[in-house]
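Read through the structure below, which is laid out as C-alpha cells, and then see the notes.
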There are 2 protein chains.
Amino acid sequence: MKNRRQDVIDTAHKLFIEKGYQATSIQDILVGSGISKGTFYNYFPSKGELFIAIFRSFYKRIRHERDKLLINQDSADIEIFIQQIELQMMGNKQSKLLVLIEEVRVSNDEELKQFINQTLLLSIRWMHGRFLDIFGESKKPYLLDSVIIFHSMITHMNYFNHRETTVAKPEIQIIRYCMNRMIHTIDEVAKGKEQILDPELMDTWFPEFKNHLYPCHDDLLNATLELKKAINTAFPCGENRTRAVELIDFIQDELMQSDNPREFLIESLLATLKTGYASQIQVYIESFEESINSCLSR
Amino acid sequence: MKNRRQDVIDTAHKLFIEKGYQATSIQDILVGSGISKGTFYNYFPSKGELFIAIFRSFYKRIRHERDKLLINQDSADIEIFIQQIELQMMGNKQSKLLVLIEEVRVSNDEELKQFINQTLLLSIRWMHGRFLDIFGESKKPYLLDSVIIFHSMITHMNYFNHRETTVAKPEIQIIRYCMNRMIHTIDEVAKGKEQILDPELMDTWFPEFKNHLYPCHDDLLNATLELKKAINTAFPCGENRTRAVELIDFIQDELMQSDNPREFLIESLLATLKTGYASQIQVYIESFEESINSCLSR
DNA sequence: TTTTCATTATACTGCTTGTATAAATGTAAT
DNA sequence: ATTACATTTATACAAGCAGTATAATGAAAA
C-alpha cells in the first residue's frame, strides 16, 4: 500500500523534526508508525533512503508552488523572486528540512551526502538562473559569486534571527534586506570587474550527477519553464493558455514524482499539446519532448 | 605523562582529518596511538571531550598568533584585520577544524554541540569588536549584521572555491573580495538605516555560558587586549614596552592553557607589572587583575 | 621493600543499523 | 471457495558503536 509508505514517511519526518535525524532510531520509527522491521526495509532500503524520500516528498510540492509563481509573470520582476524565496523559507521553517540537511550533510552515509550536495548545487543553479532573469546577461560573470553570497547570507541571517525567539523579525524583512545588499553588490563588482568564481564552473558540477539521483529532471524543469514562458507570450490569457499549462504541469509531475511514469498518458497529452499549439511555439515543444524522452529512457 | 596525552590528541586529530569525527571510532584511536581503552578513558571522559581538547590545543595557538598581529599596530588598520583572517583561514585549512566542527555541530553529544555554538558566538563577537575598531562606533548598529554576513560569506566563498581544486584561488583574494563587499555594505546600510539584528543582542548570548566551558577567558582576553593597547599608546617603543607585553602574554597563557595555573607565578609577575608601569595605565591593570582573579576563583 | 598509581587486557552492557527466516495474514484470480 | 501469491510480522541474529568494570601487570616513589 502506497498509503502506508507515505504514513511512514510522515511519521519519520515528524520524529526527525522533534529529535533530529541521528537521534531518531529506526526502532523509534517502527513504534511510531506501527509497522514491523521487515516492512520498513521492504519500503526503504536504508535509513538514508528514507530521508531522501522525505526530502523529495516535501520539496516536489515546494518546487512546484515556487515555479507556479512565475507563470504569467515577468521573470525579471524582483518581487516575484522575493515571493519565491519567501515560499521556500516558510517551507523550510515548517519542515525543518534545512536543519536536517545540515545534520545529514556530514553523516556517515556517503550516498546521502552526495544527494544533499546535489540538491544544494541544484538550488544554487536555480537561483543563478533567476539572477540571470533579474539582473540580465550583462552581469553574468558576477552572478555565481552573488548567488553564493546571497544563499549563505540569507541562511545565516535567518539562523541568527531565530536564535533569539523574542525578537525574531519576519522572514520577508530578511529577504528584502539581503536582496538590497545583492542589488548594490552586483553593481559594485560589475563596475570593478571583481570575480572569484566563473559561472562556467557550474557546467562542471552537473555532468557527474546527471544520471544519478535527479537523473534528467533538471533538464525537464528548464524545458518546462521555457515552454511556459513561450506560451505566456505567444497566447493571450484565456482558456487555451491555462489548458496548455495544466497539460504541461501534469506531464512534469508524472515524470518527476512517479517511479513508473505512465508513458501512454504522456504521449497522449503531448500529442494534444502538439496539435493544439505547435504552430507558434514549435521549437519549445520540441525541446520539451526531448527532455521527456531522456527522462523516460534513463 | 602529559606527553602521551598530547600524543593521543595529535593522533586523533590526524584520524579525524582523514576520516571525519563520526567515522573514526575510539578503537581506531586506540590502535593509532597504541594505548588501551582504560588509558583513553583515563585521559578523556568521552569522545566529545577529546574533540574539545583537540580544538583547544589547536586554537589557543591560532588565537595567540592572531592577537599578536595587533600589537604595536593601529587596530583600525584594515590590512591587519585581513592578515588576522588569513591566519585563521590557513589554520583552519590545515587542521580542517572548521569541517570537523560542521560535523560535530549536529552530533548527538549535547555538551559538544554547546561548546561548538559557544566558540562560534565567540568568533562572531571577536569579529564584531574588530569591526568596531575598523569602522568606528558610529556604525555600531549595523555591525552585527555585517559580521554575520562577512562570516558566512567568507566561509561559503571559501567552500566553493575549494570544491573545484583546479581553479582554487588564494585565500587572500577571497578575503579582500569579501572585505570590499563589507566596506560598501556597511556604508549602504548606515545610509539607509537598515538593521536586522541589534548588536545589543550579543549581551544576551554570553551570560549563560560565562561559567561553562570558557569560563572567564573571554573577559581575560578583552582585558589583555585593552591593557596592551594602553601600553602601546602610553609607552614609546623599546625594551620596557616589549617586556611588559611579554609579561602579560605569559600570564594570559598560564591562565588559559594550564589546567592548574601557578598562582605564585602570576602574582609575582603582576606585582612587577604594577610597580613598573602602574602610574600611567593603572585603570587597565586593575581590570586586568580583576579578570585574573575571576579566572583563578572559578 | 612495600605502597601507590597509571596502564593493560578483557569481558560486559546496551545501544545502533541492517539481515535472515519462518509463520501469519491479506488479496486477487481461478 | 479454494488456490496462489505478496505483504507483513515477530523474532533471532550479526557486526559495530560508546562507555563501564575489574583483575592483573608494571614501574616508580615511600
Side-chain angles (χ1 to χ4, degrees), chain A residues 1-13 15-16 18-55 100 103-116 259-260, chain B residues 1-13 15-16 18-55 100 103-116 259-260:
Chain A
M1 291 271 147
K2 200 139 202 173
N3 232 352
R4 252 155 82 82
R5 202 184 109 107
Q6 188 59 44
D7 269 6
V8 179
I9 289 181
D10 294 339
T11 311
H13 191 178
L15 287 172
F16 287 164
E18 282 167 21
K19 319 199 323 182
Y21 174 75
Q22 314 219 41
T24 303
S25 71
I26 288 182
Q27 194 58 35
D28 294 335
I29 297 168
L30 299 187
V31 305
S33 52
I35 59 165
S36 78
K37 207 167 203 174
T39 310
F40 179 90
Y41 281 100
N42 184 28
Y43 289 154
F44 313 100
S46 72
K47 195 184 173 186
E49 291 287 332
L50 163 64
F51 183 86
I52 291 179
I54 292 176
F55 184 90
L100 291 172
E103 187 174 347
V104 151
R105 235 165 67 91
V106 291
S107 72
N108 280 328
D109 191 330
E110 210 46 53
E111 255 191 285
L112 192 45
K113 271 159 72 172
Q114 229 178 326
F115 174 82
I116 296 300
D259 287 336
N260 287 314
Chain B
M1 289 273 149
K2 199 138 205 176
N3 232 352
R4 254 156 80 82
R5 200 184 111 107
Q6 188 60 44
D7 270 5
V8 179
I9 288 181
D10 294 339
T11 311
H13 191 178
L15 288 172
F16 286 165
E18 283 166 18
K19 319 200 317 181
Y21 174 76
Q22 313 217 40
T24 303
S25 71
I26 287 181
Q27 192 61 32
D28 295 334
I29 297 167
L30 298 187
V31 305
S33 53
I35 60 166
S36 78
K37 209 166 203 175
T39 310
F40 179 91
Y41 281 100
N42 184 27
Y43 289 156
F44 312 99
S46 72
K47 195 183 175 187
E49 291 287 333
L50 164 64
F51 182 86
I52 292 179
I54 292 176
F55 183 90
L100 291 173
E103 190 176 339
V104 151
R105 238 166 66 90
V106 290
S107 71
N108 280 328
D109 191 330
E110 209 46 54
E111 255 190 284
L112 192 45
K113 272 160 72 174
Q114 229 178 327
F115 174 81
I116 296 300
D259 287 337
N260 287 314

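These figures come from a predicted structure and were not determined experimentally. So you know, we letter chains A, B, ... as the sequences are listed, proteins then strands, and number each from 1.
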According to a strict under-4.0 Å criterion, is B:Thr39 in side-chain N/O contact with OP1 or OP2 of C:dT8? yes
Expressed as a whole number of angstroms, how long is the span from B:Asn108:CG to D:dG19:P? 11 Å
By salt bridge (Lys or Arg N to Asp or Glu O under 4.0 Å) - contacts of B:Asp10 (at least two apart): none
Please report, rounded to the nearest Å, how far the P atom of D:dA6 is from the OH atom of A:Tyr43. 16 Å
Below 30° counts as parallel, above 60° as perpendicular, anything between as tilted: where do the rings of A:Phe16 and A:Phe51 land? tilted
Using atom types as modelled and distance alone, determine if a side-chain donor or acceptor of A:Glu103 lies under 3.5 Å from a backbone N or O of A:Gln22. yes
Under 3.5 Å: donor-acceptor pair, side chain of B:Lys37, backbone of B:Ile26: no
Atom-to-atom span, CD1 of B:Ile29 to C1' of D:dC17 - whole angstrom: 12 Å
Looking at A:Arg4, I'd like to know whether one of its side-chain N or O atoms comes within less than 4.0 Å of OP1 or OP2 on D:dT7. no
Just the atom pairs and distances: protein N or O near nucleotides 15-22 of chain C's N or O, under 3.5 Å.
unit_1: C:dT16; atom_1: OP1; unit_2: A:Ser25; atom_2: OG; d: 3.4
unit_1: C:dT17; atom_1: OP1; unit_2: A:Ile26; atom_2: N; d: 3.2
unit_1: C:dT17; atom_1: OP2; unit_2: A:Ile26; atom_2: N; d: 3.3
unit_1: C:dG18; atom_1: OP2; unit_2: A:Tyr41; atom_2: OH; d: 3.4
unit_1: C:dG18; atom_1: OP2; unit_2: A:Lys47; atom_2: N; d: 3.0
unit_1: C:dG18; atom_1: N7; unit_2: A:Lys37; atom_2: NZ; d: 3.1
unit_1: C:dG18; atom_1: O6; unit_2: A:Lys37; atom_2: NZ; d: 2.7

For the pair made of CG in A:Asn42 and C1' in C:dG26, what is the distance, rounded to whole Å? 14 Å
Separation of C:dA24 P from A:Ile35 CD1 (nearest whole Å): 21 Å
Atom-to-atom span, CD of B:Glu111 to P of D:dG19 - whole angstrom: 11 Å
Side chains of B:Leu50 and B:Ile29, heavy atoms from C-beta outward: is any pair under 4.5 Å? yes
Looking just at side-chain N and O atoms, do B:Asp28 and B:Ser25 make a donor-acceptor pair shorter than 3.5 Å? yes
